[in-house]
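Below is one structure, written out as structure tokens; the observations come after it.
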Amino acid sequence: MHEYTSTARVWGLTCPGFPEEVSRARRWTRDILRGSPLAEDAELIVSELSANAILHTASGREAGSFHLALAMSSQVVALSVTDGGGAGTAPKVEHRDQEAEHGRGLGMVSAIAHRVVVHDSDGGHTVTAELFTDVRRGGHPC
């Protein structure tokens, strides 16, 4: 295969903004990545990002929703959650005490993922976490 071509596959799922939908998002991720060594990390990332969307944005309000996208190639698994907006500020990593009950989710995602990017998206935000399949020293993909 030519180095600039890709056989990436992409899946999407829109969920109502109910707390029980976080477990649905985890199952969906686990089913797609079944057998992948990145499945457990991806499932945890989706769980945290989905819960954040419901707790901190309009996604968790009446008639709210959040959207998941999972893209997979031979080099990377990219997991994106787009929220319903209304938070006022972009998601950011907060350095909290390990005993804190809230505010550590995005920090944990940043510790697991090889890269995390936050983009403005239709009045809300999309948080994308990337897990590289092969990583060399320094955290860069091979």
Side-chain angles (χ1 to χ4, degrees), residues 1 4-142:
M1 177 169 55
Y4 296 113
T5 59
S6 172
T7 57
R9 296 180 299 180
V10 179
W11 293 263
L13 177 69
T14 299
C15 297
F18 304 124
E20 58 270 19
E21 292 297 312
V22 174
S23 63
R24 178 178 173 209
R26 279 195 311 265
R27 277 192 316 274
W28 178 80
T29 303
R30 182 176 52 241
D31 288 348
I32 292 170
L33 295 175
R34 189 173 313 277
S36 167
L38 300 175
E40 286 184 22
D41 286 346
E43 190 178 340
L44 180 58
I45 288 168
V46 163
S47 180
E48 288 297 327
L49 296 181
S50 298
N52 283 350
I54 291 170
L55 290 171
H56 303 296
T57 74
S59 293
R61 295 183 193 146
E62 187 173 337
S65 64
F66 61 97
H67 182 77
L68 297 155
L70 190 157
M72 182 172 56
S73 72
S74 59
Q75 295 86 23
V76 67
V77 171
L79 308 147
S80 298
V81 174
T82 301
D83 65 44
T89 61
K92 63 184 180 299
V93 176
E94 294 183 16
H95 301 285
R96 300 276 179 126
D97 184 302
Q98 287 192 356
E99 302 301 317
E101 292 184 28
H102 299 287
R104 297 183 345 197
L106 197 52
M108 184 170 52
V109 169
S110 295
I112 296 169
H114 295 107
R115 180 168 54 182
V116 176
V117 180
V118 178
H119 292 284
D120 291 339
S121 178
D122 295 329
H125 296 92
T126 297
V127 180
T128 301
E130 297 177 348
L131 298 167
F132 301 135
T133 55
D134 290 319
V135 178
R136 63 181 145 166
R137 297 185 78 175
H140 299 289
C142 296

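Fair warning: this is a prediction, and the values are worked out from it, not measured in the lab. Here, residue 1 is the first one in the sequence, and each next residue gets the next number. These values consider heavy atoms only, across backbone and side chains, with no hydrogens, waters or symmetry-generated copies.
- Here the closest heavy-atom approach between residue Ile45 and residue Leu79 is recorded as CG2-CD1, 3.9 Å.
- Nearest approach of Trp28 to Leu70, heavy atoms of both residues: CH2-CB, 3.9 Å.
- Under the salt bridge (Lys or Arg N to Asp or Glu O under 4.0 Å) criterion, Arg34 pairs with Asp31, sequence neighbours left out.
- With sequence neighbours left out, the side chain to side chain donor-acceptor pair (under 3.5 Å) criterion links Ser36 to no other residue.
- Identified under the salt bridge (Lys or Arg N to Asp or Glu O under 4.0 Å) test for residues 65-82, with sequence neighbours left out: none.
- When the side chain to side chain donor-acceptor pair (under 3.5 Å) test is applied to Thr29, no partner is found at least two apart in sequence or on another chain.
- Remark: Val22 pairs with Arg26, Ser47, Ser50, Ala51, Ile54 by the side chain to side chain contact (heavy atoms under 4.5 Å, CB included) rule, at least two apart or across chains.
- When all heavy atoms of Phe132 and Glu130 are compared, the closest pair comes out as CE2-OE1, 3.7 Å.
- For the atom pair Leu44 CG and Met108 CE, the distance stands at 4.5 Å (nearest 0.5 Å).
- Considering CZ of Phe18 and OG of Ser59, their distance stands at 12.0 Å, rounded to 0.5 Å.
- Expressed to the nearest 0.5 Å, how far CE of Met72 lies from OG1 of Thr7 amounts to 9.0 Å.
- For Thr133 against Ser73, the heavy-atom pair with the smallest separation is CG2-O, 4.4 Å.
- Within the structure, salt bridge (Lys or Arg N to Asp or Glu O under 4.0 Å) pairs that include any residue of residues 64-79 do not occur (at least two apart or interchain).
- For Thr126, the side chain to side chain contact (heavy atoms under 4.5 Å, CB included) criterion is met by Ser80, Thr82, Ser121, Thr128, not counting sequence neighbours.
- Nearest heavy-atom pair, Ala53 versus Phe66, reported as atom, atom and distance to 0.1 Å: CB-CB, 4.1 Å.
- Smallest separation of non-hydrogen atoms from Leu131 and Ile112: CD2-O, 3.7 Å.
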- prompt: After noting the C-alpha distance and the side-chain angles of Val81 and His67, does the key distance pass the side-chain contact (heavy atoms from CB on, under 4.5 Å) rule?
  reply: CA-CA 6 Å; Val81 174; His67 182 77; over 6 Å; no
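- Checked by atom type and distance alone, the side chain of Asp83 never pairs as donor or acceptor with a backbone atom of Gly124 at under 3.5 Å.
- Applying the side chain to side chain contact (heavy atoms under 4.5 Å, CB included) criterion to Arg24, with sequence neighbours excluded, gives Leu13, Cys15, Pro16, Glu21, Arg27.
- In this structure, the side chain to side chain contact (heavy atoms under 4.5 Å, CB included) partners of Ala71, at least two apart in sequence or on a different chain, are Val10, Ala78.
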* Evaluate the side-chain contact (heavy atoms from CB on, under 4.5 Å) criterion for residues Leu106 and Leu49: first the C-alpha distance (whole Å), next the side-chain angles of each, then the deciding distance (0.1 Å), finally the verdict. => CA-CA 7 Å; Leu106 197 52; Leu49 296 181; 3.9 Å; yes
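- A heavy-atom distance below 4.5 Å is not found between the side chains of Arg30 and Val46.
- Distance CG/Asp41 to NE2/His114: 8.5 Å, rounded to 0.5 Å.
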